[in-house]
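Residue numbers count from 1 along this sequence.
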Amino acid sequence: MFGKLTLSAFLHGPIETVPQLMIVGGALGALALLTYFRLWGWFYREWLTTVDHKKIAVMYFILAGVMLLRGAVDAAMMRVQQAIAVPGSEGYLSPDHYAQIFTAHGVIMIFFVAMPFMFALINLATPLLIGARDVAYPFLNSLSFWLTVAGAVLINLSLVVGEFAATGWLAYPPLSELAYSPGVGVDYYIWALQIAGVGTLLAGINFIATIIKMRAPGMTMMRMPIFAWTTLASMILVVFAFPILTVTLALLGLDRTLGMHFFTTELGGNAMMYVNLIWAWGHPEVYILILPAFGIFSEIVPVFSRKRLFGYTSMVVATMCIAVLSFLVWVHHFFTMGASANVNAFFGIMTMVIAIPTGVKVFNWLFTMFRGRITFETPMLWFMGFLSTFILGGMSGVLMSIPGIDFQVHNSLFLVAHFHNMIIGGVLFGFFAGFAYWFPKLFGFRLNERLGKYAFWCWLIGFLTAFVPLYALGLMGATRRLNVVDPSWQPLFIVAAVGLCIIAAGIFLQALQLFVSIRDRKQNPAGNDPWGGRTLEWSVSSPPPAHNFAAIPHIYSRDAFWNYKEDGGGMEVGPAHGEIEMPTQTIVGVLISLCALALGFAAVWHIWWLAALALAAIVACLIARSFETNIEEKITV
């Protein structure tokens, strides 16, 4: 009746039991607080059933923050292990547990920190930037979020029931095949990513439709803010790349569940087919994350330089070039696989070429700052930190695009340092900048600037301290995923661990910044336009009303709101309507998400009756939703 699930799945060692208790205790504590303060009705009305893109953005922020803490704890455990583990003193983590931790760290940081953080900012800003009252499909927006939550819950369930994959974050065969990973860890991996991936794909379709069809009158494509352009490019990549991931994981699941041989050497399978497929998704994924960060910087730099963006057209062209080229470089992740020199040369050249439109963006930002009246508020500091770290990472990436050099550093910590340069110094710093920039618009009060700047410096110094040593270690021959290190490398691993402690201080200061800012919110009202913004979101109240715009503006230029403030041109705002139609709230997204969670858990443990029941319930929810007629309501302006 319960498939492979037995009581032994709940029993763990002492180190695993601590996070197990934290996960269970945190969930029960949240439920207890809602019950004690009698907030279930409020929680249901305001959050569980909402389809308001701004509230969904807040929930994405909360999910990203919670999972960032989980991923950071995993990173700390790895760094402490490497700092103390040398032959004869093997540290405190067993090899299998260490492998589960570095797998979970990678999966969580990409899928459940960076992706939710990105969608939080896209949800918050995109409709406001283009003059829309909501996204094209509000129900799909809710469903996308709750499916992502279901995937995150499934990842954390592996701490409590069973185990997680010990394969690395991309789960290469044959290690991820049943012969070498007979437990349920890889199945948790497959189903968590499948469920979250469906949510991501739906969100991609939703935002493409929103940007193409819901722009304010007069806002042509070449009048859109750059953030809208980078979001459009990113979502197009989502629509093309995520089906590859879905199919790849489905084939791996069939290998494990039905004994097929897509990726095993028996009966004609080929593990390298998996590697090609996973990176055909994986490299566009890097640009799915980084392009919105580029868009955020393109909004921030002009505002804090008091100048219009330099080279708007070249920025648009560079964005779309990056989107196309991102599908032509995946083989540079495995130059050592044995392909011909011609194949490696092609992908090496394509990797060098993609650096050109990226460089165009950097120079455009620098020229925007040139002779500007620059002020260094927190969002601009994050941009300056990005410049220093991302350029370092970009240069190391171009270096590794040369196959001969890649042969020397492949699978070493040099590669790990480069990747974190891109993801932390590029993606995460960009999202922190966007959070600090749009926070006053979303909540109506400012973040504490002093604590924000302290947090920035901790992140920047900690990041450089934690990852620059990894470049040196990689060149010295240290490979990734070592749980016991050579004694001669230990001093640099200790330096890297110190860097992680400094980053932890930055995370603490960010949490303190939020607490202090919320506590003092009445003393720090933001006003409608706290930064002197250039785009439409600053033309509405802070926080924005449910309908965003009482009257949709008519746009006549780029930087329409800036021009409107300067001389009354750029945009025209008509009289407000008395009543506006807005989508009604619905619980269906949450119900489908709960059913998807049950389906994933049942598939992991081979509880097939529960899987069939959950799948039937998902279909029933979708059919019931399709028959709903009361999906809009009129609200008074």
Side-chain angles (χ1 to χ4, degrees), residues 53-69 71-72 109 112-129 145 148 225-227 230-231 234 289-301 303-304 376-386 389-390 423-460 463 503 506-518 520-521 524 526 530-531 533 535 537-538 542-544:
H53 70 96
K54 300 176 290 294
K55 290 183 177 179
I56 290 172
V58 173
M59 292 191 288
Y60 268 121
F61 279 131
I62 293 170
L63 174 63
V66 170
M67 296 305 285
L68 175 63
L69 292 176
M109 287 303 199
F112 300 108
V113 176
M115 292 295 284
F117 210 160
M118 177 187 78
F119 278 116
L121 293 164
I122 290 173
N123 263 287
L124 163 59
T126 301
L128 291 165
L129 280 166
F145 167 73
T148 305
I226 292 293
F227 183 74
T230 56
T231 297
S234 176
L289 294 172
I290 199 73
L291 283 173
F294 287 167
I296 290 166
F297 294 134
S298 297
E299 302 304 324
I300 286 173
V301 173
V303 168
F304 293 101
F376 290 101
E377 282 89 348
T378 308
M380 193 64 176
L381 283 180
W382 285 113
F383 168 72
M384 300 303 293
F386 155 83
T389 56
F390 185 79
I423 298 301
I424 296 179
V427 173
L428 204 56
F429 280 18
F431 293 168
F432 285 154
F435 180 75
Y437 180 61
W438 281 309
F439 184 93
K441 175 54 57 182
L442 182 57
F443 293 106
F445 59 92
R446 290 175 177 267
L447 285 169
N448 185 287
E449 272 287 309
R450 181 169 58 87
L451 288 172
K453 290 176 178 177
Y454 290 165
F456 161 76
W457 285 111
C458 283
W459 265 99
L460 181 61
F463 171 78
I503 291 175
I507 295 174
F508 170 77
L509 287 168
Q510 285 174 306
L512 182 62
Q513 179 194 30
L514 272 175
F515 172 78
V516 171
S517 301
I518 293 169
D520 300 338
R521 61 190 180 278
N524 296 297
W531 309 119
T535 42
E537 74 271 30
W538 306 110
S542 301

Q.
Let me confirm one number: the CG-CD1 distance from L63 to I56, rounded to the nearest 0.5 Å.
A. 13.0 Å
Q) Are side-chain N/O atoms of W438 and E537 paired as donor and acceptor at under 3.5 Å? A) yes
(Q) Please give me the minimum heavy-atom distance between Y60 and A120, naming the atom from each residue. (A) CB-CB, 3.4 Å
(Q) Do F304 and Y437 have side chains that approach each other closer than 4.5 Å (heavy atoms only, starting at C-beta)? (A) yes
Q: Enter the distance from H53:NE2 to I122:CD1 here, rounded to the nearest 0.5 Å.
A: 13.0 Å
(Q) Any heavy-atom pair between the side chains of F435 and L447 that's under 4.5 Å? (A) yes
Q: May I have the step-by-step check of side chain to side chain contact (heavy atoms under 4.5 Å, CB included) for W457 and L509, ending in yes or no?
A: CA-CA 10 Å; W457 285 111; L509 287 168; over 6 Å; no
(Q) Measuring only between side-chain heavy atoms, which start at C-beta, is S298 closer than 4.5 Å to F227? (A) no
Q.
I need the minimum non-hydrogen distance between Q513 and N448, along with the two atoms involved.
A. NE2-O, 3.0 Å
Q | Exercise: identify the closest heavy-atom pair between A436 and T378 | A | CB-CG2, 4.3 Å
(Q) Is the shortest side-chain heavy-atom distance between T535 and E299 below 4.5 Å? (A) yes
Q. Hey, what do you get for CG (L291) to CD1 (I296), rounding to the nearest 0.5 Å?
A. 11.0 Å
Q. Does the pair F61 and F117 meet the rule for a ring pair (Phe, Tyr, Trp, His ring centres under 6.0 Å), with working shown?
A. CA-CA 6 Å; F61 279 131; F117 210 160; 5.8 Å; yes
Q | Separation between CG of L451 and CD of Q510, rounded to the nearest 0.5 Å | A | 10.5 Å
Q: Could you pull out the closest heavy-atom pair between G430 and A293, with the gap in Å?
A: CA-CB, 4.1 Å
(Q) Return the CG to CZ distance between N524 and F445, rounded to the nearest 0.5 Å. (A) 9.0 Å
Q: Sort out for me which residue in F297, F429, F431 forms a ring-ring contact (aromatic ring centres under 6.0 Å, His included) with F386.
A: F297
Q. With distance as the sole criterion, is a donor-acceptor pair present between the side chains of S542 and K441 under 3.5 Å?
A. yes
(Q) In the structure I gave you, are the side-chain heavy atoms of F443 and V58 within less than 4.5 Å of one another anywhere? (A) yes
Q. Can you check whether P543 reaches K54 side chain to side chain, under 4.5 Å on heavy atoms?
A. no
Q) Has F508 got more than 12 heavy atoms of other residues, nucleotides or ligands less than 6.0 Å from its CZ? A) no
**Q.** Heavy-atom closest pair, residues I226 and G295
**A.** CG2-CA, 4.2 Å
Q | Flag side-chain contact, heavy atom, 4.5 Å: P116 against F145 | A | no
Q. If every non-hydrogen atom of L128 is compared with every non-hydrogen atom of L124, which pair is closest and at what distance?
A. CD1-O, 3.4 Å
Q) So, do W459 and W382 sit near enough that their side-chain heavy atoms are less than 4.5 Å apart? A) yes
Q. Can you check whether T230's main-chain N or O pairs, donor with acceptor, with S234's side chain at less than 3.5 Å?
A. no
Q. Measuring from N123:CG to M118:CE, what's the distance to the nearest 0.5 Å?
A. 10.0 Å
Q. Counting only N and O atoms by type, is there a donor-acceptor contact under 3.5 Å from the side chain of E377 to the main-chain atoms of E449?
A. no
